[in-house]
Amino acid sequence: MVGALGFGFPIFTGRRLEAGIQEREDSVKMLEAELENLKQSVRQEIFQAVSDMARYQAILPSLQQQVDVSRESLALANARYQSGLGSLLDVLTAETNYAEAQVRRIETMYDYKGAEFRLQCSQGTGSKKL
């Protein structure tokens, strides 16, 4: 009877060992899949940030032109008002347009810098500036 137990125990341990090995292999596969998901996520973040930066770079020159044009319009409205040819409403409208153009440009610059920061963080270089 003692001999039978000796033979049964290693077989039982072997199957338990095989199950443990299989469990570890499954864990490794899950970790590899998580790693691949993280890599894909980082690639997507980088792609999105670069795409956003390119879009904002394309928009910024036209927004600067809008600021310049609205500044000139404000100067003309002020000159007309000073000479009595325009109303205060014209000046206020020109000031509003100028302020709105500046805000749009500043918001776009802010968005550009945000995309630039997201790109740096995605690449692992953004935290150095914090």
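Numbers here simply count residues along the sequence, with the first being 1.
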Minimum-distance pair of heavy atoms, taken over all atoms of [X] and [Y]:
X	Y	value
Ala49	Ala115	CB-O, 3.5 Å
Leu74	Ala94	CA-CB, 3.7 Å
Tyr81	Ser87	CD1-C, 3.6 Å
Ala77	Val91	O-CG2, 3.4 Å

Going from [atom1] on [X] to [atom2] on [Y], what distance comes out if it is rounded to the nearest 0.5 angstrom?
X	Y	atom1	atom2	result
Met109	Gln64	CE	CD	10.0 Å
Leu60	Asp111	CG	CG	9.5 Å
Thr93	Leu88	OG1	CG	9.0 Å
Ile59	Glu107	CD1	CD	12.0 Å

Query raised in the report: Quick one: side chain to side chain contact (heavy atoms under 4.5 Å, CB included) partners of Thr96, sequence neighbours excluded?
Result: Glu100
**Report entry** Those residues that, when tested against Glu45, pass side chain to side chain contact (heavy atoms under 4.5 Å, CB included) (two or more places apart)
**Finding:** Ser41, Ser122
Query raised in the report: Residues two or more places apart in sequence or in another chain: which of them pass side chain to side chain donor-acceptor pair (under 3.5 Å) with Gln44?
Result: none
Report summary line: side chain to side chain donor-acceptor pair (under 3.5 Å) filter on Arg104, not counting sequence neighbours, yields Gln66
Query - Arg43/Ile46 under side chain to side chain contact (heavy atoms under 4.5 Å, CB included): CA gap, chis, key distance, verdict - result: CA-CA 5 Å; Arg43 285 185 197 112; Ile46 290 172; 5.8 Å; no
Tell me which donor-acceptor pairs under 3.5 Å the side chains of residues 50-58 have, and how far apart each pair is, sequence neighbours excluded?
| residue | atom | partner | partner atom | Å |
| --- | --- | --- | --- | --- |
| Asp52 | OD1 | Gln48 | NE2 | 3.0 |
| Asp52 | OD1 | Arg55 | NH2 | 2.8 |
| Asp52 | OD2 | Arg118 | NH2 | 2.7 |
| Gln57 | NE2 | Tyr112 | OH | 3.2 |

Query raised in the report: Do the side chains of Val42 and Leu119 join up, straight or via other hydrophobic residues, at under 4.5 Å, putting them in one cluster?
Result: yes
May I have the list of side-chain donor-acceptor pairs in residues 23-38 shorter than 3.5 Å, sequence neighbours left out?
| residue | atom | partner | partner atom | Å |
| --- | --- | --- | --- | --- |
| Asp26 | OD1 | Gln22 | NE2 | 3.1 |
| Ser27 | OG | Glu23 | O | 3.1 |
| Glu36 | OE2 | Gln40 | NE2 | 3.4 |

